[in-house]
Amino acid sequence: MARVVVDVMLKPEILDPQGRAVQGALGRLGLDGVTDVRQGKHFVIDIDGDLEGERHDLMHRLADELLSNPVIESYEMRVLADGEEAS
Amino acid sequence: MARVVVDVMLKPEILDPQGRAVQGALGRLGLDGVTDVRQGKHFVIDIDGDLEGERHDLMHRLADELLSNPVIESYEMRVLADGEEAS
Amino acid sequence: MTRIGVVTFPGSLDDRDAARAVRLAGGEPVALWHGDDDLHGVDAVVLPGGFSYGDYLRCGAIARFAPVMSTLVDAARGGLPVLGICNGFQILCETHLLPGALTRNDSLHFICRDQRLRIESTDSAWTADYQVGDEIVIPLKNGEGGFVADESTLDALEGEGRVVARYLEVNPNGSRRDIAGIRNERGNVVGLMPHPEHAVELLTGPSADGLPFFTSILRSLVGAA
Amino acid sequence: MTDTVAHAQGSPEQTQPFSELGLKPDEYERIREILDRRPTSAELAMYSVMWSEHCSYKSSKVHLRQFGDKKPETDVLLVGIGENAGVVDIGDGWAVTFKVESHNHPSYVEPYQGAATGVGGIVRDILSMGARPVAVMDPLRFGPLDAADTRRVLPGVVAGIGGYGNCLGLPNIGGEVVFDESYLGNPLVNALCIGAMRHEDIHLASAKGVGNLVVLYGARTGGDGIGGVSVLASETFSEGGPTKRPSVQVGDPFMEKLLIEATLEVLQAGLVEGIQDLGGAGISCATSELASNGEGGMHVWLDRVPLRDASLSPEEILMSESQERMCAIVTPANLDAFLVLCRKWDVEAVVMGEVNASGRLTVDWHGERIVDVPPRTVAHEGPVYERPYARPDWQDALQADGPDDLPRPTSPADLRATLLAMVAAPNLASKSWVTSQYDRYVLGNTVLAQPEDSGMVRIDEVTGRGVAVSTDCNGRFAKLDPYEGARLALAESYRNVAATGAVPLAVTNCLNFGSPEDPSVMWQFAEATRGLADGCLELGIPVTGGNVSFYNQTGGNAILPTPVVGVLGVIDDVDRRTPMAWGPDGELIYVLGDTRDEFAGSEWAHHVHGHLGGRPPALDLARERLLAEVLVAGSRDGMLTAAHDVSDGGVAQTVVEMALRAGVGARCWVPDGLTPFSFLFSESASRAVVVVARSEELRFTEMCQARGLPAHRVGVVDSGLGADAGFAPGTQVLQVGDLFTVSLDELRQAHEGTIPAALSA
Ligand SMILES: Nc1ncnc2c1ncn2[C@@H]1O[C@H](COP(=O)(O)OP(=O)(O)O)[C@@H](O)[C@H]1O
Ligand SMILES: [Mg+2]
């Protein structure tokens with residue numbers, strides 16, 4: 001079994017209203033000095049069998065085209081070793 | 001400067017319709033054997049100065065109460081070393 | 001009679017309304033199914049509003065891969081007129097038939113309001129019955145309607161007259177340069193965030209200002225035939 | 001080890017956790033008597049959840065009977081109380097079903113999901129009658145607008161209702177947003193759904209036909225809301241944060257949308273013998289009710305239920321309240337066609353059981369019998385309590401403490417300031433911050449939506465036949481006098497429907513109260529129920545169904561008694577609806593009905609003085625009926641340009657709302673015999689403001705006179721007053737006699753600013 005983690009973030013040049021709202025709230029709740037907050041998506045995907053070769057490429061392509069929209073977002077993908085924590 | 005990464009996920013016992021929708025789509029697009037997908041939020045927070053002591057505790061509390069909804073979600077928080085990548 | 005296809009995806013909501021608008025304009029609506037890759041010989045297609053596949057991942061992200069879409073994308077590249085409304089616009093951006101993307105409203109709320117727009121381009125299959133500068137009021141209802149694209153794309157859209165409609169008075173969702181709708185180079189593909197199909201009868205809409213989108217396509221198709 | 005029936009027979013002395021499941025010792029004893037043995041743990045789960053307050057109505061049943069006993073003569077009721085929702089004949093072969101339900105406690109725990117699943121649940125109730133859901137409404141109540149917890153609860157509730165309803169494609173056409181201290185910690189989230197069908201498409205929840213199959217379809221069953229029904233509905237919140245509450249159900253509106261489409265297709269194709277939604281008590285409820293209403297027997301293979309979480313025990317599966325599931329009775333011959341349509345919509349479906357004539361509901365788990373009960377005893381023969389009730393000792397003092405001594409504004413400047421303060425009061429301020437998050441256009445049949453008096457949808461696109469629905473309740477009136485308060489709520493809702501030109505036909509209700517174990521609360525409940533039943537009889541419109549929500553209290557403090565009343569009316573052609581915005585210059589403004597000096601429970605006493613005491617406004621339902629007849633006749637004969645009911649905030653509020661909606665000003669004057677203050681702010685019942693074209697004036701006033709309805713001319717629509725009053729030419733203003741003038745811009749700012757200002761921080 002493989003566990004894949006994909007983080008999808010808006011590209012830096014795209015305005016992130018959710019991140020901005022969080023930044024404002026953090027400040028109001030007493031956390032000073034927050035200079036930037038970006039909010040993205042975090043996917044944890046469990047797959048039977050190994051994720052190698054073609055399947056690995058396919059997963060990359062799907063992270064790029066399905067899980068993220070390359071026009072506005074970028075992604076990072078990690079395949080976790082067995083038993084490694086997902087965060 | 002500190003960079004904090006918080007991942008917020010629905011608790012395992014809570015239905016994740018978003019994850020289910022992604023799971024369905026991954027299967028239709030040819031990725032076999034996906035047994036589970038969970039979709040959560042990924043925050044990247046930049047803070048001036050160090051995040052230690054009380055500030056660190058405050059950040060934890062805000063991750064628990066603001067960034068996540070403890071009724072249905074759990075979070076994991078990491079403080080990145082200078083220069084470490086955010087993913 | 002001119003046959004206009006209306007695609008139903010799982011989670012489409014305004015498909016019946018789009019069909020009604022086609023009918024009121026004098027066309028024949030044809031129901032198209034997401035899982036069927038045959039366009040059944042329609043003369044044009046409307047991608048209606050809604051929450052295709054729940055829009056849980058990203059609006060339009062999953063619908064883009066429906067069987068009907070691969071046929072539709074080819075046909076649109078070949079000149080078939082396509083109007084994407086709201087979720088339909090999002091799908092058109094996801095398929096890259098139109099540039100840019102639609103992001104979360106800057107208010108972070110879903111918003112439903114009667115929105116004033118200015119028609120900026122009549123050089124499209126769907127806006128020929130307007131005059132440039134016409135001001136219309138039609139419903140807007142979305143949670144992710146903020147149009148974004150990089151500066152050069154925005155400049156190109158404006159420079160080439162491909163902005164079809166712009167928000168007036170209020171920019172309801174943070175769209176760059178108040179853009180409410182755009183078209184492709186050829187003018188056959190139009191994406192629009194507000195809902196002209198909900199402004200075709202005075203009884204149920206804020207106006208009947210949306211009807212010309214549907215009469216435009218009927219006229220341009222008859223003209224072309 | 002599985003606790004089988006055989007095992008239960010052999011171990012009569014085994015102790016069981018019945019009280020943890022909310023059963024009283026005598027209730028547990030009754031189960032043992034019914035079964036003539038101890039229940040298995042699965043049976044115990046079923047009984048406990050089905051005999052909870054929420055499912056069995058054990059405290060309210062004896063009072064709710066009045067809705068049947070006092071039912072007026074009516075020929076519009078196609079399906080009455082007792083089914084998932086009542087069904088009303090609206091003519092031309094059309095039937096409409098509507099019902100309101102509460103999701104109060106879950107919405108306090110998790111506002112977004114609680115409210116969302118509240119919408120989901122009521123929509124499935126409507127769907128299970130065979131109707132296409134066509135609209136939703138949401139009567140809401142929160143603590144004070146400026147309270148911190150309101151800022152947590154309200155935005156979440158609104159986002160949840162919008163998030164679910166918008167994604168389902170149901171227009172939200174109305175509701176209420178009310179603020180009061182008593183709802184802090186006990187918000188009320190009621191959700192109403194309206195559905196339409198042809199007469200022949202009405203379906204009932206009954207398992208008819210021996211050999212027919214029980215099909216479970218929709219979402220997979222998970223661990224959500226296990227015990228939610230009994231725990232959430234039968235325990236009062238104690239102090240402490242929401243984190244200690246039981247787990248939360250998450251809604252999947254996309255799945256519900258698929259469920260709606262699939263259900264409508266299988267119904268349309270004639271593949272369904274009986275149908276039931278899965279709501280509170282999940283499979284326990286659906287199977288026992290279907291069996292009890294049908295041949296009386298059913299067998300279920302519980303291990304066939306598709307699970308989201310493989311570790312669930314059979315007891316948990318029986319109790320799970322996972323959302324977005326339905327249950328249908330299908331003949332073996334139709335099964336394949338049924339499954340094909342489910343597959344078309346990507347909806348999972350399994351045969352979970354079979355109808356038989358055994359008179360028993362039996363459930364097997366991997367070949368072992370874990371339930372064997374008479375289904376009626378689970379579904380319909382639960383405990384019934386005659387809870388003690390008594391008029392609280394503080395009631396007399398409350399009624400004696402009238403508002404007469406409260407200082408009133410008299411100078412023009414004070415009256416003007418009071419008007420601006422009132423239109424900005426949280427309860428009277430514009431609710432568009434809320435309603436703009438709801439799609440009111442989808443389906444293309446919305447004729448009227450917020451802020452109109454009623455929501456109105458077209459049902460028949462060819463003839464224009466449609467329905468109007470309003471929900472109302474002033475809990476302060478109900479606190480002062482629960483009997484009168486319930487009648488006033490009914491009257492207000494009835495009036496709102498008539499104001500749009502629709503003929504009121506039928507009633508639904510959601511009775512939100514504190515703990516039934518408190519005799520004072522029980523008295524409020526008994527009085528309100530009696531008042532509503534009497535009122536419906538007097539107005540000649542039947543109660544078709546509703547819902548009871550008890551235990552809305554924190555510690556010893558109950559909410560204001562809040563019997564929310566929904567009235568449904570029919571209009572033969574929606575094209576003749578009467579809107580609230582008035583028309584062009586020169587049209588005449590009338591107040592219909594009598595204005596008395598009535599301020600007990602009023603918004604003025606509440607907002608300006610924080611006062612509650614006295615007796616609520618007098619109510620004469622014969623007059624209310626007459627007013628409605630005039631409003632409907634005025635619409636039918638084209639005499640009325642606009643109409644708007646008078647309630648909270650009085651005539652001033654009504655006139656301001658009409659002016660703002662139109663964007664056109666007016667000149668008003670105070671009729672003889674009234675002080676300006678009473679004229680502007682009194683909340684006397686059975687009144688409306690109407691606007692009449694000059695050409696219709698004579699015909700209209702003669703009609704009112706002939707029927708005996710007082711009609712007072714109090715103003716004229718006038719867009720040209722600004723310049724004379726010292727404003728820039730073209731400015732729209734409201735002029736009140738020679739007392740004061742105020743621009744619509746200033747009024748609008750006051751009216752629209754309050755809620756965004758409070759919630760945007
Ligand atoms: N306040 C009420 N007034 C009239 N009927 C009511 C009231 N409360 C509940 N009922 C009726 O009792 C029946 C059972 O209610 P309920 O258990 O809430 O139905 P369901 O389980 O279908 O949601 C329904 O027919 C409902 O309309
Ligand atoms: Mg039901």
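What you see is a predicted model; the values in this text were computed from it and never measured. Keep in mind that the numbers below use all heavy atoms, side chains included, and drop hydrogens, waters and symmetry copies. The chains referred to below are lettered A, B, ... by the order of the sequence lines, with proteins before strands, and numbering in each begins at 1.
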field: Taking every non-hydrogen atom, the tightest pair across His198(C) and Val442(D)
entry: CE1-CA, 3.7 Å
task: Evaluate the side chain to side chain contact (heavy atoms under 4.5 Å, CB included) criterion for residues His109(C) and Val158(D): first the C-alpha distance (whole Å), next the side-chain angles of each, then the deciding distance (0.1 Å), finally the verdict.
output: CA-CA 10 Å; His109(C) 293 299; Val158(D) 169; over 6 Å; no
statement: Closest heavy-atom pair, Phe254(D) versus Phe51(C), reported as atoms and distance to 0.1 Å, is CD1-O, 4.3 Å
message: Within a 6.0 Å radius of atom CD on Gln268(D), are there more than 12 heavy atoms belonging to other residues, nucleotides or ligands?
response: no
- prompt: To the nearest 0.5 Å, what is the distance between SG (Cys112(C)) and CD (Gln437(D))?
  reply: 11.0 Å
query: Charged N to carboxylate O under 4.0 angstrom, Arg458(D) versus Glu201(C)?
result: yes
query: Is there a donor-acceptor contact under 3.5 Å from the side chain of Arg20(C) to the main chain of Leu443(D)?
result: yes
- request: Any chance you could measure Glu461(D), atom CD, to Arg23(C), atom CZ, to the nearest 0.5 Å?
  value: 7.0 Å
task: Identify which part of Tyr441(D) has an atom lying under 4.5 Å from any heavy atom of chain C, answering side chain, backbone, both or neither.
output: both
field: Under 4.5 Å from any heavy atom of chain D - which part of Ser107(C)
entry: neither
message: Under a plain distance cut-off of 3.5 Å, with no hydrogens placed, do Asp252(D) and Tyr56(C) share a side-chain donor-acceptor pair?
response: yes
field: Proximity breakdown for Asp114(C) and chain D, heavy-atom pairs closer than 4.5 Å
entry: both
- request: Tell me, for Thr446(D) versus chain C, whether the close heavy atoms (under 4.5 Å) come from the side chain, the backbone, both or neither.
  value: backbone
- request: Using a cut-off of under 4.5 Å on heavy-atom pairs, state which of Pro206(C), Ser52(C), Gly49(C), Gly143(C) scores highest against chain D.
  value: Pro206(C)
- prompt: At a heavy-atom separation under 4.5 Å, does Leu168(D) approach chain C through its side chain, its backbone, both, or neither?
  reply: backbone
task: Pick whichever of Gly205(C), Pro139(C), Gly50(C) has the most heavy-atom pairs under 4.5 Å with chain D.
output: Pro139(C)
- line: So, the part of Val457(D) with a heavy atom under 4.5 Å from chain C: the answer is neither
query: Which pairs with one or both residues in residues 340-349 of chain D pass salt bridge (charged side-chain N to carboxylate O under 4.0 Å, His left out), sequence neighbours excluded?
result: Arg220(D)-Glu348(D), Glu265(D)-Lys344(D)
- request: Just give me the residue among Ile111(C), Leu202(C), Val200(C), Asp17(C) that pairs up with chain D most often, heavy atom to heavy atom, under 4.5 Å.
  value: Asp17(C)
- request: Any chance you could lay out the side chain to side chain contact (heavy atoms under 4.5 Å, CB included) test for Tyr438(D) and Lys141(C), step after step, and finish with the verdict?
  value: CA-CA 8 Å; Tyr438(D) 302 150; Lys141(C) 49 189 186 92; over 6 Å; no
statement: Value for CZ (Arg577(D)) from CG (Leu203(C)), rounded to nearest 0.5 Å, stands at 5.0 Å
field: Residue, of Asn445(D), Leu258(D), Asn166(D), that accumulates the most heavy atom pairs under 4.5 Å with chain C
entry: Asn166(D)
